[in-house]
Amino acid sequence: MVAIGSKAASFSGETFTRRVVMPMAGMVILAILLVLGFAIVSADGQNRLEVESSTALAETALAVKKREIARNLEDYAVWEDVFKNLHQSLDFAWASTNGNVGANLYEGLGYDMAFVVRPDGQTVYSVLEGVPQSADAYSIIPAGLASLVKAGSTGEPAVGFLRSDQEVLLVAAAAILPPTIDASTIAPGERSSLIFAKALDKSFVQRISSDYLLDQLTVVENEDQAGGALLPLLDPSGEVLSYITWTPATPGYELLKWLLPPLASAMVFLGMFAYQVIRKVRRTTEDLEESARTVEIYAQTLEESEARFRDVAEASSDWIWECDGEMRLVYLSTRFSEVTGIAAANVLGKKLEQFFMKDNDTEGWERLHESAQDHVAFRDVRCSYHDAEGRIRICRLASRPIVSSEGEFSGFRGTATDISEEVEAHARANHLALHDVLTELPNRLLFRERLIYAMSDNRRKHADLAVLCLDLDHFKEVNDTLGHGAGDILLRQFAARLQSCVRPGDTVARLGGDEFAIIQSSSHQPADAGALGRRIIDIVKQPFHVEGHDLHVGVSIGVAFPDHADDPDKLLKNADIALYRAKQAGRGAVRHFEPQMDLELQERKALEYDLRQALLKNELELHYQPLIDLESQSVTAVEALLRWRHPSRGLVPPGDFIPLAEETGLIIAIGEWVLRTACQQALVWPGLSVAVNLSPVQFRHRELADTVSQVLQETGLEPGRLELEITESVLINDTEAALEILSALKSIGVQIAMDDFGTGYSSLGYLNSFPFDKIKIDKSFVTTLEDKAKSLAIVRSVIGLSESLSMATTAEGVETAEQAMLLQGEGCKQVQGYFFGRPVPALDMTAFLGNWKGFTLPTSAATDAA
Ligand SMILES: Nc1nc2c(ncn2[C@@H]2O[C@H](COP(=O)(O)O[C@H]3[C@@H](O)[C@H](n4cnc5c(=O)[nH]c(N)nc54)O[C@@H]3COP(=O)(O)O)[C@@H](O)[C@H]2O)c(=O)[nH]1
């Protein structure tokens, strides 16, 4: 990837700009600059040449002007009349006459001044701007004039620039000496001199400017005022007086002006051309780059694909194989040996079907053969082989035919995927899905499948089959007391015992919890099913050894046969119904299904539904039965007894629905309703206690004490007026827990009565364990009190025991005066029974209490009974 990236970068636009665009642009700019530079340098040279030539021209102009003034001066200085009238004598009239040395000098020759001076320096004649007048030449031109006069007194006129007080003058001086006079006769110091002066004024310089094409020629005082070119005006001693300056022509600039537009156009054209060329080149380069990138990507993809293929081929359990047209193996990838442990050389040359065994997938194997013949691809062909260690491995084949570009078939190339683990995992998952993890027995699903199979008509006759449903008795207690770990061990041992009871073809399954089922096949039904049931009951009677405990549990068994069920679900359901009946029968029993059982179950279900509705629809009501104190003959308490006013069945007694309420758990809600209603009602009867029956199911409910306490709080009944009646059964299984609950209830302040005393197991032991407030002697003893001496003995001993334990005694079911008298005679304090009053609705009880006047017992009867 790094290499690719850097290569790609070498083709980037940035690089193109750096390597191509910038050098090209540089070259173009350089060329432009060179041409421009050359043009400017040559223009500048031309300009400089022009300055030089114009300077030479200016110098020439000044020289010409000097020569001109010298020539004109000489014309006058050699004139004999001038010698005569201005040297030998002074004839001003002659001199000032126009055409002599007067106005003509100014007007005709343009000289501003003319002087005649004597050798002693005296100015004898002056003409200023054409007007003769008295003026001193040396005053007007103070510096340099004497030297110039002296220089011009011999030979040629002397010419030079001198300064007047106002301006620079071109001055010429020459001795007045005509050729006719021998010069040697007049010594230079004796000669008069004629002086002409011309101011370098505007008109003078304009003339030079126009004559010599020196543009804007002017005289300036210093260099700073100079224009394009400059020439100093020097006096004869070489001192700078001023400068003439002018603007020389600039042929170079003219050349540039002429050159630049076409040059610029050429540059623009060149630039555009270069731009087009660059664009074209760039596009071509980009295309090339793109192609290069694509090629590289293809190359990289190919490389990656190869690497991936290699990795996958090496890393996966797949191996690659190739065979020729006759299905002989001609190539095996290195993974083959790694996976199978077999050297490729031992297999190459063998036919595909010689190496592979066909698995269960015969269809796949046939497809392979067909594909080989038809030269078409095949996949998902499952087959197996023996690896180097002789283990059977399973693999899945997939392949495509090898066909040349000319369409010629030359064999197959494909993969072999090892699926041994997958198959094993699948089998494991399958097993788990169909078996119970704890006991390893078939679960409900598999049981059902086997039952369907067993029931299929063509497999067996229905009569040969029995389904047994089993439920461990007291399993819940084991779980609750010893924990689920112990429960699991018990279930496993039970499962093993079940399996030991059946024949190999039978199925023992765990349907859930402590519920098991058996499919028994036998030609001797129902006898064999009954025998199996009994065998199981016997074998389960043996204690189970669990975590150091010897556990005694029972088993209830329901048996059903296909003669009452067409399908497996119905058959299982029938066995379940029979099981229910077996449990009802008192556990440890075997019950065979009868159609009647189903009807009863339906009825029970309907009743259950109605009972659930009863609470919601206020169909429950309480009746109250008085409890009488024999000594005071007063009603001291009432017992609340539940009734169900069923819309169609009428008034249903508790015995018909309380067991169902207990089984379904509805008793918790119903019991709370009874408790609340009774407490509320008791408030109407001040001074009376109210007795409420507690079901063992209610008693086991964790929140019982809280519920009682809450109801008392809500209703405001004093706890001491509430009497809770429990039966011995609540103490049987877990005495310790029961005693804890009793203590909790006692701490609330309610009274606890032991109900139905004498009907249970070891009654006396329980009385010792917990200080009950009252013992209610069961009515079965009271009813037979007069006939059975045994009953009287029991009643007597219970009353005696109660007294010794400081407990009250209530005898239930007192229906006759005789019974009442007998009980009174035995020292029984409290009685309850139809003789005193039947259970009646609350309103009737209020009336009963209002009318209560006590009772009369026949004394003789009492004596007889005693
Ligand atoms: N958990 C609850 N159990 C309750 C509730 N209400 C009642 N019960 C239980 O139902 C049992 C049957 O009750 P019931 O049909 O009301 O019978 C009671 C009396 O009517 C009956 N009795 C009273 N005196 C006589 C008599 O002289 N002769 C005679 N044959 N029967 C008589 O005895 C029943 C009261 O017994 P007990 O509870 O032992 O005091 C009943 O045993 C309750 O367990 C309830 O709300 N919750």
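As the structure lists them, so they are numbered: ligands from 1, and atoms in each ligand from 1. What you see is a predicted model, and the numbers here were worked out from it, not measured in a lab.
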Per-atom contacts, ligand 1 versus [X] - under 4.0 Å to a heavy atom:
X	answer
Pro839	20 (O)
Asp755	37 (P), 38 (O), 39 (O), 40 (O)
Pro654	7 (C), 8 (N), 10 (O), 12 (C), 13 (O), 14 (P), 15 (O), 16 (O)

Q: Consider ligand 1: state whether an atom of it lies below 4.0 angstrom from any non-hydrogen atom of Glu662.
A: no
Q: Please lay out, stage by stage, how Asp844 and Arg838 fare under the test salt bridge (Lys or Arg N to Asp or Glu O under 4.0 Å).
A: CA-CA 10 Å; Asp844 296 346; Arg838 284 179 176 267; over 6 Å; no
Report the nearest protein non-hydrogen atom to [atom]: residue, atom name, distance rounded to 0.1 Å.
atom	result
atom 35 (C) of ligand 1	Leu641 CD2, 3.9 Å
atom 33 (O) of ligand 1	Lys779 NZ, 3.0 Å
atom 36 (O) of ligand 1	Glu812 OE2, 3.5 Å

Answer yes or no for [atom]: protein heavy atom present at a distance under 4.0 Å?
atom	value
atom 42 (O) of ligand 1	no
atom 17 (O) of ligand 1	no
atom 26 (C) of ligand 1	yes

Check [X] against ligand 1 and report side chain, backbone, both or neither, counting heavy atoms closer than 4.0 Å.
X	answer
Asp756	side chain
Gln625	side chain
Glu639	side chain
Ile670	neither
Leu642	both

Q. So do the side chains of Gln613 and Glu619 get within less than 4.5 Å of each other, counting heavy atoms only?
A. no
**Q.** Spatial distance of atom CG (Leu739) from atom NZ (Lys746) [nearest 0.5 Å]
**A.** 13.5 Å
Q.
Please list all pairs meeting salt bridge (charged side-chain N to carboxylate O under 4.0 Å, His left out) that have one or both residues in residues 622-640, counting only residues at least two apart or in different chains.
A. Glu639-Lys776
Q: Identify, with sequence neighbours excluded, every residue that meets side chain to side chain contact (heavy atoms under 4.5 Å, CB included) alongside Glu621.
A: His623, Arg643, Arg645, Leu651
